[in-house]
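What follows is one structure encoded as structure tokens, with my remarks underneath.
We're numbering straight along the sequence, starting at 1. Counting starts at 1 for both ligands and their atoms, in listed order.
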Amino acid sequence: MAVLEILQYPDPRLRIKAESVTQIDDDIRKKVEDMYETMYVNQGVGLAATQVNIHLQIFTMDISDTRDKPLCVINPEILTKSGMQYDYHGCLSVGAGLGISDKLERAAKLRLRGMDLDGKIFEWDLDELAAICVQHEVDHLNGILFIDHLSRLKLDRIRKKIDKAQRRV
Ligand code: GNR
Ligand code: NI
């Protein structure tokens, strides 16, 4: 296993749209293992392949308190969404370590279809943090960041924070 480098906004590679996985082989399994390790080392709730410069429809997630229930979703499809929740968002690719977060409106519940590492198709009904995380990761796979959903004013504030931190390096 290996810890992969997480691309940081405004890296243009975060805007690349991920392609579908057509076959699960050793290469895909290795990539998922590396994504798990990268997610845990960085204490993320989820990680999209895009963030580690792999442009395939894959994300990993662990919403357990014990951090020992890794999930992997290949070719995710959000089938239905309902309700609304308004909660804080953070992202490992947006000012990592700077504590950047903001509130965002997201569907409260959703039905997710995906494929597991055995190539089996499943459907899950998710809510709360799981639903937020899935919407966040599916956005990544489409080249979208949570800050794209914020007002210009809030985005400017975040960009200034990131610029300032980068100038210090
Ligand atoms: O670790 C993460 N926490 C989080 C908190 C609220 C909303 C979304 C997230 S996902 C984020 C990890 C990440 O950047 N995944 O792409
Ligand atoms: Ni993210």
Side-chain angles (χ1 to χ4, degrees), residues 1-21 28 31-78 81-112 114 124-151 154-155 157-159 161-162 165-166:
M1 289 214 279
V3 178
L4 307 172
E5 186 197 339
I6 298 180
L7 301 179
Q8 292 301 308
Y9 171 81
D11 194 312
R13 291 171 292 180
L14 287 168
R15 301 307 187 176
I16 300 173
K17 283 190 175 41
E19 293 188 25
S20 297
V21 173
I28 296 286
K31 284 179 161 84
V32 171
E33 286 303 312
D34 291 348
M35 285 175 64
Y36 283 147
E37 188 169 7
T38 306
M39 175 177 76
Y40 284 124
V41 164
N42 290 282
Q43 295 174 35
V45 180
L47 185 76
T50 311
Q51 292 177 276
V52 288
N53 203 27
I54 297 171
H55 303 287
L56 293 170
Q57 292 273 345
I58 305 171
F59 72 80
T60 59
M61 174 166 100
D62 188 339
I63 47 161
S64 70
D65 293 330
T66 41
R67 310 287 300 148
D68 60 355
K69 293 179 179 59
L71 300 169
C72 159
V73 183
I74 297 168
N75 299 341
E77 267 178 87
I78 296 174
K81 290 185 188 181
S82 66
M84 195 271 276
Q85 54 180 330
Y86 188 61
D87 216 334
Y88 280 100
H89 260 67
C91 181
L92 294 172
S93 292
V94 178
L98 299 177
I100 289 173
S101 73
D102 220 319
K103 278 190 148 186
L104 216 63
E105 255 182 43
R106 292 290 196 178
K109 296 184 180 195
L110 57 81
R111 188 163 178 87
L112 175 73
W124 292 335
D125 285 305
L126 302 172
D127 61 6
E128 300 186 345
L129 178 62
I132 290 183
C133 186
V134 166
Q135 290 169 85
H136 179 106
E137 305 313 339
V138 169
D139 264 3
H140 272 304
L141 298 177
N142 289 313
I144 299 166
L145 299 171
F146 85 93
I147 49 174
D148 299 345
H149 299 291
L150 298 174
S151 68
K154 284 184 167 178
L155 178 62
R157 224 185 283 150
I158 287 171
R159 280 166 62 167
K161 242 190 227 176
I162 292 171
Q166 276 173 351

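Only the backbone of Tyr88 comes within contact range of ligand 1, with a heavy atom under 4.0 Å; no side-chain atom does.
When only non-hydrogen protein atoms are considered, atom 9 (C) of ligand 1 lies nearest to Gly90 O, 3.5 Å. Protein heavy atom at the shortest distance from atom 2 (C) of ligand 1 is Val45 N, 3.7 Å. With hydrogens left out, the protein atom closest to atom 12 (C) of ligand 1 is Gly46 O, 3.2 Å, a heavy atom. What sits closest to atom 14 (O) of ligand 1 on the protein, heavy atoms only, is Leu92 N, 2.8 Å. In terms of protein heavy-atom proximity, atom 15 (N) of ligand 1 is closest to Glu137 OE2, 2.8 Å.
Close approach of ligand 1 to Gly44 (heavy-atom distance below 4.0 Å) involves ligand atoms 1 (O). Close contacts between ligand 1 and Ile132 involve ligand atoms 7 (C) [criterion: under 4.0 Å to a heavy atom]. Close approach of ligand 1 to His89 (heavy-atom distance below 4.0 Å) involves ligand atoms 6 (C), 7 (C). Of all the atoms in ligand 1, the ones that sit under 4.0 Å from a non-hydrogen atom of Cys91 are 14 (O).
Between the Glu37 side chain and the Asp34 main chain, no donor and acceptor come within less than 3.5 Å of each other. Formation of a donor-acceptor pair under 3.5 Å by the Thr60 side chain with backbone atoms of Tyr36 is not found in this model. Formation of a donor-acceptor pair under 3.5 Å by the Gln135 side chain with backbone atoms of Ala131 is found in this model.
Remark: the His89 side chain and the Asp87 side chain contain no N/O donor-acceptor pair separated by less than 3.5 Å. Side-chain atoms of Ser20 and Gln57 form no donor-acceptor pair, as typed in the model, at a separation below 3.5 Å.
Scanning for side chain to side chain donor-acceptor pair (under 3.5 Å) contacts around Arg67 gives an empty result, with sequence neighbours left out. For Thr38, there are no side chain to side chain donor-acceptor pair (under 3.5 Å) partners at least two apart in sequence or on another chain. Partners of Lys109 by side chain to side chain donor-acceptor pair (under 3.5 Å), not counting sequence neighbours: none found.
Within a 6.0 Å sphere centred on CG of Asp65, other residues, nucleotides and ligands contribute 12 heavy atoms or fewer.
Lys69 and Asp62 are not joined by a salt bridge, as no carboxylate oxygen comes within less than 4.0 angstrom of a charged side-chain nitrogen.
Of the options Lys161, Arg157, Lys154, a salt bridge (Lys or Arg N to Asp or Glu O under 4.0 Å) to Asp102 is made by Lys154 and by none of the others.
Taking 2.8 Å as the limit, the number of protein N, O or S atoms around the Ni ion (ligand 2) is 3.
For a threshold of 3.5 Å applied to N or O pairs, the pair formed by His140 and ligand 1 contains at least one separation below that value.
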